[in-house]
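Below is one structure, written out as structure tokens, with a few remarks after it.
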Amino acid sequence: MYALVDCNNFYASCERLFQPHLVGKPVAILSNNDGCIISRSDEARALGIPMGAPEFQVRDVLRQHQVHVFSSNYALYGDLSQRVFEILRQFSPNVEEYSIDEAFLNFDGMDSNLDFNDYGHQMRNRIRKWLSIPVCVGVAPTKALSKVANKIARKFPDKTGGVYVIDTDEKRIKALKWTKIEDVWGIGYRMKKKMVARNIKTAFDFIDPMHTAWIKTQMGVVGLRLKKELEGESVLALDDVTTKKSIAITRSFPKKLTDYDALRERISTFASVCAEKLRLQHSCCQTIIVMLNTVNYDNGRKSRYFQQVVTLPFSTNSTLTIVDTAVKMLQKLHAENEGLLYQKAGVIVTQLRNENEKQFDLFVDENPKHLSLMKAMDAINGKIGHRKVKLGAQGNQTWNMRQNKLSLKYTTHFDQILTIRCQ
DNA sequence: TCTGGGGTCCTAGGACCC
DNA sequence: TCTGGGGTCCTAGGACCC
């Protein structure tokens, strides 16, 4: 059996943990640069504030209903996320951290008489008690079905108490008939349209044998796997997601950029953060992608996308090499597209492998001194603070995101720990 | 004039997830 | 005026190998 544990309105719940007076009140969280709504409490959702809406478009509603609005505080959310996973590991050693706010658990090899409903409530209660974060738990024989079960738990809190178990065929069929096709895990916007055109409106319609061949042509093996999962046959195992297969740093700019020097500074910084993250997970990359984006929201939302891909002769996690390569790529991109105004840029590193399994090139090699230099740099930065030592290319300009409504780093910063006075 | 069969690797792009 | 960021997997097609 699998469980899917999903935190309710996670970011909003994190803010409420340290500001409990917000419980029961509408709360909304903004994306980077305070651009869009990316999380909201049930109360804010009930006000009709759509997910992903640009903040300025819903500003009036927010003000009118006194919605408590926050900038994204990833230091806080990331830390609380890890604490949730820590608790979950007390219930099973097999935990897949699927996203910042949800995890799959597998119970293979555990007591076969386990009462999953009861066990689910124990998880829920412990997370609620220790972290004040409400979660829902769905349990079923496959990952896709546990997603369905979770949705039911979330939708009917009174009847389920936030936990729902699909453990019989009867319950499975009922659940599938209830689940709209667009709510099935793996069916996105485009597939939904095709499905509905073919009169597939629920998850139950989807598993009808008459559609099998069609699903194969439309979705390939992905669709067939999903079908099996919904039929109760487990084909998706728990994934090990602790080491990433690609790392991306991309940002929108507060103001459109065209100036090469400014872009070079941004790309250098993104590239060096990629290198840091690579070293943190003990990986090297062999391929580097630099991208520039123009965005035009007014003119039919047309945006243009430029990118360069370079595969190195050896794999690396040296900041020097990655920044140097990225800047050369930027040079080329910028020269080819003179005068454009860029809204976003990014650096992505892929083709990652463990730093111990490095493949060497016969003739071209990285200066071995990089390795010790990076070690020294990481050690100093670890001691005296984040990114105090950096490359000259990154400059001294600070690129502060707009974060006008940021809460404190309650759990990760000594200066910002909550103070409680006893009278 | 007629010309086999079985592979691998890489890349770009699409679709999806949160 | 103001519109996020970071991932995964699969497929088709090209180029190559013997």
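When reading the values below, keep in mind they use all heavy atoms of this one structure, side chains included, and skip hydrogens, waters and symmetry mates. Residue numbers start from 1 in every chain, and the chains themselves are labelled A, B, ... in the order their sequence lines are given, proteins ahead of strands.
At the heavy-atom level, A:V184 lies under 4.0 Å from the strands shown only through sugar-phosphate atoms. Within 4.0 Å of A:D34, counting heavy atoms only, lies no atom of the nucleic acid at all. As judged by a 4.0 angstrom heavy-atom cut-off over every strand, A:I187 is placed among residues touching the sugar-phosphate backbone only. Note on A:I249: only backbone sugar-phosphate atoms sit closer than 4.0 angstrom, heavy atoms only; bases stay farther off. No engagement by A:K194 is indicated, since no non-hydrogen atom pair under 4.0 Å with the nucleic acid exists. When heavy atoms are screened at a 4.0 angstrom cut-off, A:M191 is found touching the sugar-phosphate backbone but no base atom.
Taking atom CG of residue A:D183 and atom P of nucleotide B:dC16, one finds them 14 Å apart after rounding to whole Å. For A:E102 and C:dG7, the CD to P distance is 16 Å, given to the nearest whole Å. If you measure from atom OH of A:Y305 to atom P of C:dG5, you get 13 Å, rounded to the nearest angstrom.
Although no hydrogens or angles enter the test, the distance criterion places a donor-acceptor pair under 3.5 Å between the side chain of A:D205 and the main chain of A:K201. A donor-acceptor contact shorter than 3.5 Å links the side chain of A:S81 to the backbone of A:I100.
The shortest distance between the side-chain N/O atoms of A:T250 and the OP1/OP2 oxygens of C:dG4 is not below 4.0 Å. Residue A:S246 places at least one side-chain N or O closer than 4.0 Å to OP1 or OP2 of C:dT8. Look at A:K193 and you won't find any side-chain N or O under 4.0 angstrom from OP1 or OP2 of B:dA15. For A:T311, a side-chain nitrogen or oxygen approaches OP1 or OP2 of B:dT11 to under 4.0 Å. Residue A:K245 has a polar side-chain atom (N or O) positioned under 4.0 Å from OP1 or OP2 of C:dC9. Dashed line: the shortest gap from a side-chain N or O of A:R225 to OP1 or OP2 of C:dC9 is not under 4.0 Å. Within the 4.0 Å cut-off from OP1 or OP2 of B:dT11, at least one side-chain nitrogen or oxygen of A:Q351 is found.
Listed candidates were B:dA15, C:dG4, C:dT8. Nearest to the side chain of A:Y74 is C:dG4. Among B:dA12, B:dC18, C:dC10, the nucleotide with an atom closest to any side-chain atom of A:S99 is B:dC18. Here the side chain of A:I38 is nearest to one of C:dG4, B:dA15, B:dC17, namely C:dG4. In this structure, of C:dG7, C:dT3, C:dC10, it is C:dG7 that holds the atom nearest to the side chain of A:A248.
Residues passing the side-chain contact (heavy atoms from CB on, under 4.5 Å) test with A:V235 are A:R225, A:K228, A:E229, A:E233, sequence neighbours excluded.
C:dG4 and B:dC17 have their C1' atoms separated by 15 Å, with the value rounded to a whole Å.
For A:K227, the NZ atom sits in a packed shell: over 12 heavy atoms of surrounding residues, nucleotides or ligands are nearer than 6.0 Å.
Cation-pi check for A:K171 over A:Y164 is met; the charged atom lies under 6.0 angstrom from the ring centroid and within 45 degrees of its normal.
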